[in-house]
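Below you'll find the structure, written out as structure tokens, and then a few comments.
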Amino acid sequence: MLQPKKPKHRKQMKRVRHLRGVETRGTKLSFGDFGLKALDAGWVTARQIEAGRIAMTRHAKRGGKVWIRVFPDKPLTSKPAETRMGKGKGAPDKWVATVRAGRIMYEITGVERATAKEALELAASKMPIRCVIVERTRTIL
């Protein structure tokens, strides 16, 4: 599972307002020829990121190269089940990545167009937000 090695603070505030607006960084393909771009904003958990990665690599039969462009660095806390109110904030439960609209989440290269499209569709089905598959446009000089 992806998570930071040593976070500065064990617990963070939720800060849902960071999900507003569109992404300004990480909106273009940098490494691969095909990518998965987020159309909505939301939190993507480390488990969902890992499930998407596994689905992509298995469909590509371990061929090509996959890049993960999001990292879960925000801890979400939760209190145990059937606990009364009060007694402080709960313990860190899971790690999430804050993804805004326009962010490239995965990139893949080294496989055929049809295989890459199917692999990215599998990864998109694991995500809690709407996604679209983007392709690098090649300019021949």
Side-chain angles (χ1 to χ4, degrees), residues 1-85 87-141:
M1 244 13 100
L2 290 173
Q3 71 180 44
K5 281 192 179 79
K6 189 178 177 190
K8 186 171 183 180
H9 300 289
R10 206 167 66 91
K11 300 174 183 178
Q12 278 183 20
M13 286 197 280
K14 280 197 177 153
R15 297 218 151 154
V16 182
R17 70 172 181 258
H18 286 280
L19 296 175
R20 278 194 241 144
V22 294
E23 190 64 70
T24 55
R25 298 181 303 170
T27 58
K28 294 186 173 62
L29 291 174
S30 297
F31 307 103
D33 295 328
F34 305 94
L36 192 68
K37 183 182 258 198
L39 292 178
D40 295 334
W43 285 333
V44 182
T45 66
R47 287 176 180 268
Q48 291 164 341
I49 294 169
E50 183 68 8
R53 183 195 68 81
I54 289 169
M56 284 176 66
T57 54
R58 282 195 181 147
H59 185 75
K61 295 183 175 60
R62 293 189 200 70
K65 177 136 176 68
V66 174
W67 288 271
I68 302 173
R69 299 278 309 272
V70 291
F71 186 78
D73 56 353
K74 175 188 274 302
L76 284 191
T77 62
S78 67
K79 292 172 82 76
E82 300 178 8
T83 305
R84 293 187 179 185
M85 301 303 279
K87 306 263 191 304
K89 189 172 182 172
D93 182 40
K94 56 187 167 188
W95 292 87
V96 297
T98 303
V99 176
R100 291 196 293 174
R103 180 79 183 195
I104 300 284
M105 297 180 2
Y106 295 100
E107 291 187 32
I108 188 169
T109 191
V111 292
E112 294 175 5
R113 187 176 192 272
T115 307
K117 187 175 182 291
E118 290 166 5
L120 288 166
E121 282 174 359
L122 285 172
S125 68
K126 310 285 184 194
M127 296 298 121
I129 54 180
R130 291 183 309 134
C131 301
V132 67
I133 296 167
V134 292
E135 184 177 353
R136 185 184 301 273
T137 55
R138 303 221 179 255
T139 55
I140 301 169
L141 300 175

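For the single chain, residues carry numbers from 1 onward in sequence order. Model, not experiment: these values are computed from the prediction.
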Heavy atoms from other residues, nucleotides or ligands near [atom1] of [X] exceed 12 (cutoff 6.0 Å):
{"X": "Met1", "atom1": "CE", "value": "yes"}
{"X": "Gln3", "atom1": "CD", "value": "yes"}
{"X": "Lys11", "atom1": "NZ", "value": "yes"}

Nearest 0.5 Å, please: how far is [atom2] in [Y] from [atom1] in [X]?
{"X": "Leu120", "Y": "Met105", "atom1": "CG", "atom2": "CE", "answer": "10.0 Å"}
{"X": "Thr115", "Y": "Met56", "atom1": "OG1", "atom2": "CE", "answer": "11.5 Å"}
{"X": "Lys74", "Y": "Lys14", "atom1": "NZ", "atom2": "NZ", "answer": "10.0 Å"}
{"X": "Leu29", "Y": "Ile104", "atom1": "CG", "atom2": "CD1", "answer": "4.5 Å"}
{"X": "Arg103", "Y": "Thr24", "atom1": "CZ", "atom2": "OG1", "answer": "9.0 Å"}
{"X": "Thr77", "Y": "Lys89", "atom1": "OG1", "atom2": "NZ", "answer": "4.5 Å"}

Determine the minimum heavy-atom distance between [X] and [Y], stating which atoms define it.
{"X": "Gly52", "Y": "Ala123", "value": "O-CB, 3.8 Å"}
{"X": "Arg100", "Y": "Ala38", "value": "O-CB, 4.0 Å"}
{"X": "Phe31", "Y": "Arg69", "value": "CE1-CD, 3.7 Å"}
{"X": "Tyr106", "Y": "Met127", "value": "OH-CE, 3.4 Å"}
{"X": "Val44", "Y": "Val99", "value": "CG2-CG2, 3.8 Å"}
{"X": "Ala97", "Y": "Val70", "value": "CB-CB, 4.3 Å"}

Q) How about Thr109 and Asp33: does a side-chain donor come under 3.5 Å of a side-chain acceptor? A) yes
Any side-chain to backbone donor/acceptor pair from [X] onto [Y]? Under 3.5 Å, distance only.
{"X": "Lys79", "Y": "Gly88", "value": "yes"}
{"X": "Arg136", "Y": "Gly32", "value": "yes"}
{"X": "Arg10", "Y": "Pro92", "value": "no"}

Q: With side chain to side chain contact (heavy atoms under 4.5 Å, CB included) as the test, would you mind laying out the steps for Arg15 and Arg17 before giving the verdict?
A: CA-CA 5 Å; Arg15 297 218 151 154; Arg17 70 172 181 258; 3.7 Å; yes
Q. What's the verdict on side chain to side chain contact (heavy atoms under 4.5 Å, CB included) for Lys94 and Ser78, showing C-alpha distance, side-chain angles and the deciding distance?
A. CA-CA 9 Å; Lys94 56 187 167 188; Ser78 67; over 6 Å; no
Q. Is Arg113 paired with Glu135 through a side-chain N to carboxylate O contact shorter than 4.0 Å?
A. yes
(Q) Regarding Arg47 and Glu50, does a basic nitrogen lie under 4.0 Å from an acidic carboxylate oxygen? (A) no
Answer whether the closest heavy-atom distance between the side chains of [X] and [Y] falls below 4.5 Å.
{"X": "Lys126", "Y": "Gln48", "result": "no"}
{"X": "Pro4", "Y": "Asp73", "result": "yes"}
{"X": "Phe71", "Y": "Leu2", "result": "yes"}

Q: Evaluate side chain to side chain contact (heavy atoms under 4.5 Å, CB included) for Trp95 paired with Thr45, printing each intermediate quantity in order.
A: CA-CA 6 Å; Trp95 292 87; Thr45 66; over 6 Å; no
Q: Evaluate side chain to side chain contact (heavy atoms under 4.5 Å, CB included) for Trp43 paired with Ile129, printing each intermediate quantity in order.
A: CA-CA 8 Å; Trp43 285 333; Ile129 54 180; over 6 Å; no
